[in-house]
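For reference, the structure is listed below as structure tokens.
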Amino acid sequence: MRRRPGIGGLQNAATARNDIRKNPAFRSQFHEMCAKVGVDPLASNKGFWAELLGIGDFYYELGVQIVDICLATRPHNGGLINLQELCNVLRQRRKSDRGAVSEDDCLRAISKLKALGSGFEVISVGKKKLVRSVPTELNKDHNEILELAQAQGFVTVDEVERRLSWTSGRAIDALDTLLDAGLAMIDDGHRDGKRRYWFPCVSSISTSVADT
């Protein structure tokens, strides 16, 4: 019985290279296999796997594109972008094979960027994952506000006070810090007179940078 080409028996490196680039499930299985035997295929771009399969080149390319997208969206979101949005924009930029990039691929590419000391990392806010591309440190208060803002994309001082049982001073101080960091946008002029603090990184407003 003829054995099917795959990771376990690489009959053709060119075919494997193609699978690496085109098939997210293949990449995931490949990483799982490597983890079981204690091998990091991305430890070096000059390693055996990187040279044979081009997997190092694939994640290097993703890393460059991720940095480019984060820089392009930074004026809009302050350097904090939803992981899902980042992946969607990345797929749009890679027009020839949009379906070939998974969130797992993005996470692996970002982990390599973080290892380089670039300041890139993934943080969890509630049920969402956000990619941070600036060295701004977010404390527990900031994270709680971001989590609260996920419902509408914005919060008000009154809402923060009421929902989190904070004093006015604590709410304003945390919101001002997020505003100074470029993570929030002010929206005034509403009939109720209440200022809205919008957070592009958690709102449903998408950032159109696919073709920039």
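When a residue number appears, it is its place in the shown sequence, counting from 1.
Scanning all heavy atoms of the two residues, the minimum distance from Arg91 to Ser102 falls at NH2-CA, 4.0 Å. Of all heavy-atom pairs between Cys201 and Leu146, the closest is SG-CD2, 4.0 Å. For the pair Gly63 and Leu113, the tightest heavy-atom approach, listed with the atom from each and the gap, is O-CD1, 4.0 Å. Of all non-hydrogen atoms in Cys106 and Leu90, the two that sit nearest each other are SG-CD2, 3.7 Å. Here the closest non-hydrogen pair linking Arg195 and Thr156 is O-CG2, 3.5 Å.
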May I have the step-by-step check of side-chain contact (heavy atoms from CB on, under 4.5 Å) for Asn77 and Asn82, ending in yes or no?
CA-CA 10 Å; Asn77 57 35; Asn82 188 304; over 6 Å; no
Determine whether Phe199 and Ile145 satisfy the following criterion, side-chain contact (heavy atoms from CB on, under 4.5 Å), listing intermediate values before the conclusion.
CA-CA 10 Å; Phe199 294 90; Ile145 288 177; 3.8 Å; yes
Between Leu183 and Leu138, does a side-chain contact (heavy atoms from CB on, under 4.5 Å) hold up when you go through it step by step?
CA-CA 11 Å; Leu183 300 178; Leu138 301 180; 3.8 Å; yes
Just do the side-chain contact (heavy atoms from CB on, under 4.5 Å) check on Val157 and Glu159 with the steps written out, would you?
CA-CA 5 Å; Val157 173; Glu159 182 183 11; over 6 Å; no
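Distance check, rounded to the nearest 0.5 Å: CD1 of Ile66 to CG of Leu71 gives 12.0 Å. Distance check: Ile172 CD1 to Leu175 CG gives 8.0 Å after rounding to the nearest 0.5 Å. Of the inter-residue distances, the one linking Lys128 atom NZ with Leu83 atom CG reads 11.5 Å to the nearest 0.5 angstrom. Atom CG of Asp104 sits about 9.5 Å away from atom SG of Cys87, to the nearest 0.5 Å. For the atom pair CG (Asp68) and CZ (Arg93), the distance works out to 4.5 Å, reported to the nearest 0.5 Å.
Surrounding CD of Gln84 are at most 12 heavy atoms belonging to other residues, nucleotides or ligands under 6.0 Å away.
The stretch residues 168-191 participates, sequence neighbours left out, in no ring-ring contact (aromatic ring centres under 6.0 Å, His included) pair at all. Applying the ring-ring contact (aromatic ring centres under 6.0 Å, His included) test to residues at least two apart or on different chains, the pairs with a partner in residues 154-185 are Phe154-Trp198.
With hydrogens and angles ignored, the 3.5 Å screen pairs no side-chain donor or acceptor of Thr73 with any backbone N or O of His76. Distance alone, capped at 3.5 Å, is enough to place a donor-acceptor pair between the Arg196 side chain and the Lys194 backbone. Remark: the backbone N or O of Val125 is paired with a side-chain donor or acceptor of Gln150 at under 3.5 angstrom.
Residues that satisfy the salt bridge (Lys or Arg N to Asp or Glu O under 4.0 Å) test with Lys140, not counting sequence neighbours, are Glu144. For Arg74, the salt bridge (Lys or Arg N to Asp or Glu O under 4.0 Å) criterion is met by no residue, not counting sequence neighbours. With sequence neighbours left out, the salt bridge (Lys or Arg N to Asp or Glu O under 4.0 Å) criterion links Glu147 to no other residue. Every residue two or more places apart in sequence or in another chain that forms a salt bridge (Lys or Arg N to Asp or Glu O under 4.0 Å) with Arg170 is listed here: Asp141.
In terms of hydrophobic clustering, with Ile, Leu, Val, Met, Phe, Trp and Tyr side chains grouped at heavy-atom distances under 4.5 Å, Val134 and Leu80 are assigned to different clusters.
Among the candidates Val202, Val155, Asn143, the single residue satisfying the side chain to side chain contact (heavy atoms under 4.5 Å, CB included) test with Leu148 is Val155.
Between the side chains of Thr177 and Asp180, not a single donor N or O lies within less than 3.5 Å of an accepting N or O. A side-chain N or O of Arg94 and one of Gln65 form a donor-acceptor pair less than 3.5 Å apart.
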